[in-house]
Amino acid sequence: MPFCLYNTATRRVEPFVPRDPRRVTFYTCGPTVYDDAHIGNFRAFLAADVLRRWIESPLCTIADSRGSEHAGPREVVHVMNITDVGHMTDDDAADGGGQDKMELAGQRIAEAKKSGKLPPDADVDPTDPYAIAEFYMQRFMEDARRLGLKVAREAQRDKTLMPRACENIEGMQRLIAALIERGHAYIAGPVGSRAVYFDVQSFPAYGSLSGNTLDSLRGGAGGRVSEEHQQLKKHPADFLLWKEDSSHLMKWDSPWGVGYPGWHIECSVMSLGRLVPGGIDRVLARPDPDLAIDLHSGGEDNIFPHHECEQAQSCSVLGGSRFARHWFHTRFLMVDGQKMSKSRGTFYTARQLFGMGHEPAAVRLELIKAHYRSNADFSMQGLKDSARMVERWRRFVDQGSQGKQGAANTVEDVRAAFVTALMNDLNMAEAIGAVNRWINEVSEPTQADAAVFREFDAIFGLLDLPRLEAKSHGRAIYLPGVSPNVEVSRLLDERAEARSSRDFAKADAIRDQLRAMGYAIKDVAGGKVEVGPA
């Protein structure tokens, strides 16, 4: 059976069928670089990374348009954009509105400077949106590479794989002009405050991705779209492509006045421009529905309005009603059973977790181990559990690499279970369960076992991440995820004395006390004790 994946556009699990089974084109909606990316953002980015790794894998079989099956490996051209202009605080409405997010970032940085809370490395001018974007973009790239996002690593060699919105303004203007010329967009308002809108009634399939209907949709309001412009729109759901505003923080000349683009137009240009051979020139030359990209991903909050609008404007130049052959959306991440909240102390960025001593491999596993279509629940206990699982897998591979040669243990069974899980809608939880059951059965891993696990880890993406070093303090060896602690070291000394005097009841009581404090211990060679998260 070929790889099957839930398609948001059809609302069912179905075979993933790219245009060319040997080369898959994949676009992911990336970060808006006005702040550090939080773990909810990274859950969606990492889900896309796992999907990309699976499609590339020799273990993945996909179908072509004739129903023939093709085994991997294959090439995946993965593009993730950087949004540094055009994204407003009220972009959950089709029009958008509110405050520009880069302007908001400048205000936040200025306030942090005044209060002395600015990070030491944040020497950035709060009035310069380009400097702000560059600062947060570099921080995002660092975090993404630490978490093993392949596209972020590849972009070090090929920057076109992570294009920036502000560097694609010309392409956006060309696409907008083509939409106007072909009757899909129109200009509203007087010179000096004009707006270019996409005419949703010109695209009959509008609403099909999100399940909305034109009758049920109402346009957004807010600072960017005036009531006067709302009245000039042909339909309340018509969305903004360009806003004339010479006072805006980031602005460019255009045929419709000095201003800035809408958020949705950016991704159409950056996806088609990089993933279609010939780029925007070919897209605009003549409609060709066959130029649709294979795969498009994002968080579930992107479905409407962003992806709905993106599909409408892209299809209006491609022809047809399909911008992407398959839409992949990751559900929200909860924290301790609730939405992330700064006021409740349950809002985490990846960078914060790294600063707390949690290693990237543990963070990555915690964010990918649940099924992408479930509301995953992040917790510190879950993160500790993931850290232990990563360490267990590392030891399995280390022992196997140093072990005897010979056949792998029950490898065909685990490989079949692993493949079946991922072929069925990328069921990562089931795949991890199969791997753990296999490891439980293997008492002495061989070199072949280690090699098989590395096959699986090509999709997990964990073992090649930087491994934090353990820290020694007296008899204690503190593993990644825990910091040296004077009280813990004192208790370990007491436990050693109790064991030496054969007072095992006291030694066991100290072990239980440490566990209650959040520490798990393991005796190792040389009288040392490994201390990890409980």
Side-chain angles (χ1 to χ4, degrees), residues 5 16 18 22-33 36-57 60 72-84 133-134 136-168 266-277 279 293-299 302 306-307 310 324-330 349-351 360-361 363-365 367-368 372 426 428 457-466:
L5 185 69
F16 169 64
R22 297 164 300 179
R23 181 181 184 274
V24 173
T25 54
F26 187 4
Y27 183 80
T28 294
C29 276
T32 301
V33 285
D36 289 329
H38 58 68
I39 55 175
N41 301 138
F42 271 114
R43 187 196 184 204
F45 302 148
L46 288 169
D49 184 70
V50 169
L51 174 58
R52 177 251 176 97
R53 288 168 177 264
W54 174 240
I55 293 173
E56 288 176 331
S57 172
C60 178
R74 61 188 56 82
E75 178 187 9
V76 176
V77 184
H78 191 191
V79 173
M80 174 189 281
N81 72 295
I82 299 289
T83 294
D84 53 10
E134 181 68 24
Y136 282 117
M137 183 185 75
Q138 292 303 328
R139 287 167 70 91
F140 172 80
M141 296 296 286
E142 290 171 6
D143 293 346
R145 289 194 292 267
R146 291 183 75 179
L147 287 169
L149 260 72
K150 293 187 73 172
V151 67
R153 292 177 172 178
E154 291 169 344
Q156 290 180 288
R157 303 185 302 273
D158 182 357
K159 292 183 178 180
T160 67
L161 294 173
M162 294 193 72
R164 296 179 62 172
C166 72
E167 296 174 351
N168 286 271
E266 300 173 2
C267 285
S268 290
V269 170
M270 289 186 280
S271 57
L272 295 173
R274 178 59 178 81
L275 293 175
V276 171
I293 64 175
D294 293 320
L295 186 57
H296 196 311
S297 77
N302 289 144
H306 185 45
H307 288 167
E310 190 183 341
R325 291 175 173 81
H326 221 104
W327 288 89
F328 175 85
H329 289 102
T330 305
T349 67
R351 187 163 289 244
V363 176
R364 179 181 172 100
L365 179 57
L367 294 177
I368 68 173
Y372 73 94
L426 203 70
M428 183 63 82
D457 189 64
I459 291 90
F460 294 148
L462 298 167
L463 296 185
D464 291 332
L465 296 183

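For Arg22, the side-chain contact (heavy atoms from CB on, under 4.5 Å) test picks out Asp20, with sequence neighbours left out. In this structure, Arg146 has no side-chain hydrogen bond (donor to acceptor under 3.5 Å, both in side chains) partners at least two apart in sequence or on a different chain. Remark: Glu134 engages Met137, Gln138, Arg164 in a side-chain contact (heavy atoms from CB on, under 4.5 Å) (not counting sequence neighbours). Partners of Asp36 under the side-chain hydrogen bond (donor to acceptor under 3.5 Å, both in side chains) rule, at least two apart in sequence or in another chain, are Arg139. Under the rule for a side-chain hydrogen bond (donor to acceptor under 3.5 Å, both in side chains), Arg153 has no partner lying at least two apart in sequence or in another chain. The salt bridge (Lys or Arg N to Asp or Glu O under 4.0 Å) check on Asp457 picks up nothing, with sequence neighbours excluded. With sequence neighbours left out, the side-chain contact (heavy atoms from CB on, under 4.5 Å) criterion links Ala47 to Phe328, Thr330, Tyr372. Qualifying salt bridge (Lys or Arg N to Asp or Glu O under 4.0 Å) partners for Glu167, counting only residues two or more places apart in sequence or in other chains: none. For Arg53, the side-chain hydrogen bond (donor to acceptor under 3.5 Å, both in side chains) test picks out Asp49, with sequence neighbours left out. Qualifying salt bridge (Lys or Arg N to Asp or Glu O under 4.0 Å) partners for Arg274, counting only residues two or more places apart in sequence or in other chains: Asp158. Taking the ring-ring contact (aromatic ring centres under 6.0 Å, His included) definition, one finds that Tyr27 meets it with His296, sequence neighbours left out.
With Val77 as reference, Leu275 is the one residue of Leu275, Asp294, Ile293, Val24 to meet the side chain to side chain contact (heavy atoms under 4.5 Å, CB included) rule.
The CG atom of Leu426 lies 9.5 Å from the CD1 atom of Ile368; values are rounded to the nearest 0.5 Å. In this structure, the separation between CG on Leu46 and CE on Met428 is 10.0 Å, given to the nearest 0.5 Å. For the atom pair NE2 (His78) and CD (Glu154), the distance works out to 9.0 Å, reported to the nearest 0.5 Å.
Legend: ring pair (Phe, Tyr, Trp, His ring centres under 6.0 Å) pairs involving residues 138-161, not counting sequence neighbours, sorted by first then second residue: Phe42-Phe140, Phe45-Phe140.
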